[in-house]
Amino acid sequence: MSTEAEQLESLAQQEYKYGFVTDIEADALPPGLNEDVVRIISQKKKEPAFMLEWRLKAYKRWLKMEEPKWPKVEYPEINFQDIIYYSAPKNTPKYNSLDEVDPQLLETYNKLGIPLEEQKMLAGVAVDAVFDSVSVATTFKEKLSEMGVIFCPISEALQKYPDLVKKYLGSVVPATDNFYAALNSAVFSDGSFVYVPKGVRCPMELSTYFRINAQNTGQFERTLIVADEGSYVSYLEGCTAPQRDENQLHAAVVELVALKGAEIKYSTVQNWYPGDDEGKGGIYNFVTKRGIAHENAKISWTQVETGSAITWKYPSVILKGDNSIGEFYSVAMTNKFQQADTGTKMIHIGKNTRSNIVSKGISAGRSNNSYRGLVKIMKSAENARNFSQCDSLLIGDKCGAHTFPYIEVNNTTGRVEHEATTSKIGEDQIFYCNQRGLDTEQAVSLIVNGYCKEVFRELPMEFAVEAQKLLSISLEGSVG
Amino acid sequence: MLQIKDLHASIEGKEILKGIDLEVKKGEVHAIMGPNGSGKSTLANILAGREEYEVTSGSISYLGEDLLELDPEERAHKGIFLAFQYPVEIPGVSNVYFLRTALNEVRKSQGLEELDAAQFLKLVRKKIDLVQLDKSLLNRAVNEGFSGGEKKRNEIFQMAVLEPKLAILDETDSGLDIDALRIVANGVNSLKSKDNATIVVTHYQRLLDYIVPDVVHVLFKGKIVKSGGKELALELESKGYDWLK
Ligand SMILES: Nc1ncnc2c1ncn2[C@@H]1O[C@H](COP(=O)(O)OP(=O)(O)OP(=O)(O)O)[C@@H](O)[C@H]1O
Ligand SMILES: [Mg+2]
């Protein structure tokens with residue numbers, strides 16, 4: 001066990017909370033789930049009546065459903081009655097100044113290039129008046145509202161724009177879609193809502209970072225993004241700083257609706273706590289992400305997954321409209337005892353629909369990394385095209401990489417291409433770098449980042465830089 | 001600057017170097033020739049610190065230090081450069097980015113300021129002309145899809161940027177056309193100074209028309225069986241290696 005890995009571990013174990021959420025009076029419900037809990041959640045959030053009905057229906061279906069067993073991941077049984085389904089956000093700063101924060105955590109922040117004021121927020125230090133995050137966010141919101149873009153917590157949207165939410169919520173991922181989606185629908189705490197009006201090109205990347213007053217969305221996050229005809233929006237989810245949460249189970253749902261000619265670009269960097277060196281205590285991340293692309297619309301998912309003990313995640317696109325495009329770019333890195341079963345589904349329904357899949361898996365330590373992808377070409381999808389490339393990179397010989405491509409073609413004009421490679425980082429590549437002056441850790445990080453280039457290219461510039469640094473940090477201690 | 005004494009080395013239990021003695025002084029150019037499989041690349045790789053080779057006995061001192069105690073990257077920091085017989089591809093990593101990282105690592109180890117992108121580019125412009133490397137290769141991934149000759153030129157380009165004290169060229173001339181050969185040789189010659197030294201591994205004496213060696217060594221079955229002046233290379237060219245057995 002190298003010191004770097006120990007360092008990383010202790011870094012990852014540092015908790016932090018965003019510190020500026022206020023205004024919810026109640027504390028927490030006791031653990032357990034029943035109909036009353038669902039009612040209380042809806043009531044606490046002052047939701048319209050339809051929402052309660054919707055949640056209850058999901059809850060009743062969930063009771064009859066079973067946890068999926070097909071992913072290639074192993075974990076002890078989850079007792080759903082042990083979970084607390086509602087708790088108010090905690091908002092007291094843990095520290096008065098950065099001096100009190102663990103220096104090793106700060107070092108990680110510095111490695112990631114996080115500005116000082118942001119470090120304070122991340123670490124749970126009281127934020128001083130100079131950096132008024134609220135006013136930054138307010139300016140940001142004003143600019144958006146000028147253009148008619150709605151970007152707010154989904155709980156707020158349910159009160160202000162109930163009709164919009166009602167129309168689209170569950171339209172892509174039905175409340176009863178799968179075990180975790182049903183659970184999420186019944187008890188989701190909060191999340192983001194985005195609406196971009198017809199023909200509007202959203203002038204900035206929408207980042208959860210700026211979604212003030214909606215931190216601590218908890219373990220059941222719900223996001224809904226609607227891009228109206230001919231509009232464009234790029235949305236960034238997550239944060240590269242190591243995140244820990246006392247809730248082990250996370251089951252988010254993200255729905256994207258790209259109407260005629262619209263484009264949605266959704267980028268994620270996921271760095272949840274992966275567990276200790278025996279793999280204990282890490283986050284279980286069971287996410288349902290799906291988008292629907294209408295005529296001439298385009299949806300791109302780009303994800304960089306480095307955290308969580310278990311990741312179970314298949315961002316998908318339903319290519320409903322003619323000429324619609326779906327893309328999936330993914331880097332999934334596992335180390336130590338992490339397990340990831342991730343991939344995508346591209347469902348071609350419309351004519352001339354196109355999908356492109358680039359998946360880069362990296363396994364180190366004793367981890368297991370699986371790609372699972374479905375490409376389905378329906379009878380109606382004349383001239384559909386798919387190209388998939390799934391590469392796996394192994395570091396060391398105790399890890400595993402697996403690829404499960406499922407291809408269903410029901411229209412003879414469809415064309416599906418699948419390429420898969422598995423490689424190991426070569427001794428000669430490392431030696432070549434060593435000979436030029438790079439140490440082995442740098443060499444591995446350089447080689448791995450090069451391997452992921454095609455995916456990083458799809459990320460917004462700043463995010464890409466962060467993602468590269470993150471990958472380097474996640475790799476620390478994986479070699480030598 | 002470099003003293004190799006009675007060096008024995010093996011790989012996978014098989015002894016390849018069987019007692020090498022070699023001394024290289026500052027300002028000198030040494031050529032090492034010898035038939036395929038005689039151990040030339042093995043020697044070059046051991047100097048650069050490749051771990052697969054096990055040094056079973058003997059010593060190497062470099063600038064007064066025990067070279068065998070140093071990691072490969074430390075050797076690079078101290079000015080050892082190996083132009084690989086088979087340069088390695090690193091997909092997705094741009095050639096300039098790689099080289100800037102390398103140079104900055106070397107500079108850092110010497111307590112020098114790191115160069116930023118703009119400063120580095122200025123340096124690159126100067127050096128690229130030296131080896132007449134196609135500029136489009138700068139932004140391609142390291143050696144990926146490069147032709148054989150382009151890879152070799154790229155090695156010399158890296159050398160020109162890194163300005164090593166001891167450069168070891170392992171068959172850099174193989175696979176080069178006659179013009180490229182001259183360009184590469186010019187590159188090497190223009191970097192020559194009284195403070196650095198070069199070891200050239202080659203099969204062909206024609207390279208030595210351009211890079212004139214002070215000493216020529218013949219490596220045969222893991223031993224240096226003969227050393228001499230430039231004319232030894234000519235002799236080898238006409239007689240082959242049989243007479244040395
Ligand atoms: N990794 C290895 N595993 C097993 N044998 C090896 C390995 N590397 C080198 N050898 C053996 O060591 C011997 C010397 O090889 P080396 O590459 O040093 O020769 P060389 O003089 O450079 O030859 P050439 O002129 O063909 O480049 C050869 O017999 C070779 O097969
Ligand atoms: Mg050789």
Side-chain angles (χ1 to χ4, degrees), chain A residues 2 113 304 329-331 333 358-362 389-395 419 421-459 461 464-465 467-469 471-472 475 479-480, chain B residues 41 44-53 70-95 97-110 114 140-144 151 154-155 157-159 161-164 167-168 170:
Chain A
S2 79
V304 177
Y329 301 96
S330 167
V331 167
M333 147 109 208
V358 179
S359 161
K360 302 275 183 178
I362 304 151
Q389 188 186 330
C390 304
D391 298 328
S392 310
L393 186 68
L394 302 172
I395 302 174
E419 279 177 16
T421 66
T422 301
S423 50
K424 277 192 151 198
I425 288 198
E427 289 293 326
D428 48 350
Q429 283 178 323
I430 293 176
F431 180 64
Y432 190 70
C433 295
N434 286 160
Q435 211 302 302
R436 296 299 184 252
L438 282 65
D439 66 30
T440 300
E441 210 150 78
Q442 273 179 309
V444 169
S445 148
L446 188 89
I447 294 163
V448 169
N449 274 305
Y451 164 81
C452 299
K453 189 70 143 247
E454 285 161 277
V455 174
F456 288 160
R457 204 166 50 201
E458 299 299 324
L459 288 171
M461 186 60 181
V465 173
Q468 284 186 26
K469 289 184 195 154
L471 210 56
S472 307
L475 281 164
V479 279
Chain B
S41 294
N45 277 289
I46 287 174
L47 289 173
R50 183 134 197 172
E51 277 155 17
E52 282 91 327
Y53 300 95
L70 302 176
D71 288 336
E73 63 270 23
E74 291 172 318
R75 301 182 194 198
H77 298 163
K78 291 178 194 282
I80 289 185
F81 179 91
L82 172 63
F84 285 63
Q85 183 171 4
Y86 305 107
V88 178
E89 301 188 0
I90 309 178
V93 177
S94 94
N95 212 14
Y97 180 78
F98 176 69
L99 191 51
R100 178 153 75 94
T101 310
L103 180 65
N104 279 335
E105 281 310 307
V106 173
R107 290 179 66 94
K108 256 195 324 211
S109 74
Q110 296 166 349
E114 291 182 47
R140 298 229 325 243
V142 180
N143 292 321
E144 196 184 31
K151 283 183 182 169
N154 194 38
E155 293 289 288
F157 169 61
Q158 293 182 358
M159 177 178 112
V161 170
L162 294 170
E163 297 182 338
I168 305 152
D170 191 359

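Atom set for the values below is all heavy atoms of this structure, side chains included, hydrogens, waters and symmetry mates excluded.
- A/Glu427 touches chain B through backbone and side chain together, each having a heavy atom under 4.5 Å away.
- Side-chain contact, B/Asn95 with B/Asn154: a donor N or O sits under 3.5 Å from an acceptor N or O.
- Contact of B/Tyr97 with chain A is made through the side chain alone, with heavy-atom distances under 4.5 Å.
- Checked by atom type and distance alone, the side chain of A/Gln429 pairs as donor or acceptor with a backbone atom of B/Glu89 at under 3.5 Å.
- Heavy atoms of B/Asp71 lying under 4.5 Å from chain A are absent altogether.
- Only the backbone of A/Tyr451 comes within less than 4.5 Å of a heavy atom in chain B; its side chain stays farther off.
- When the side-chain hydrogen bond (donor to acceptor under 3.5 Å, both in side chains) test is applied to A/Arg436, the partners found at least two apart in sequence or on another chain are B/Glu155, B/Gln158.
- Neither the backbone nor the side chain of B/Leu99 comes within contact range of chain A; no heavy atom of the residue lies under 4.5 Å from a heavy atom of that chain.
- Heavy atoms closer than 4.5 Å to chain A are found nowhere in B/Glu51, neither backbone nor side chain.
- For A/Cys452, no part lies under 4.5 angstrom from a heavy atom of chain B.
- With contacts defined as side-chain heavy-atom distances shorter than 4.5 Å, the pair B/Arg50/B/Ile46 does not qualify.
- Sorted by first and then second residue, the pairs that involve residues 74-83 of chain B and meet side-chain hydrogen bond (donor to acceptor under 3.5 Å, both in side chains), not counting sequence neighbours, are B/Glu65-B/Lys78.
- Counting heavy atoms from C-beta on, the side chains of A/Cys433 and B/Phe98 come closer than 4.5 Å.
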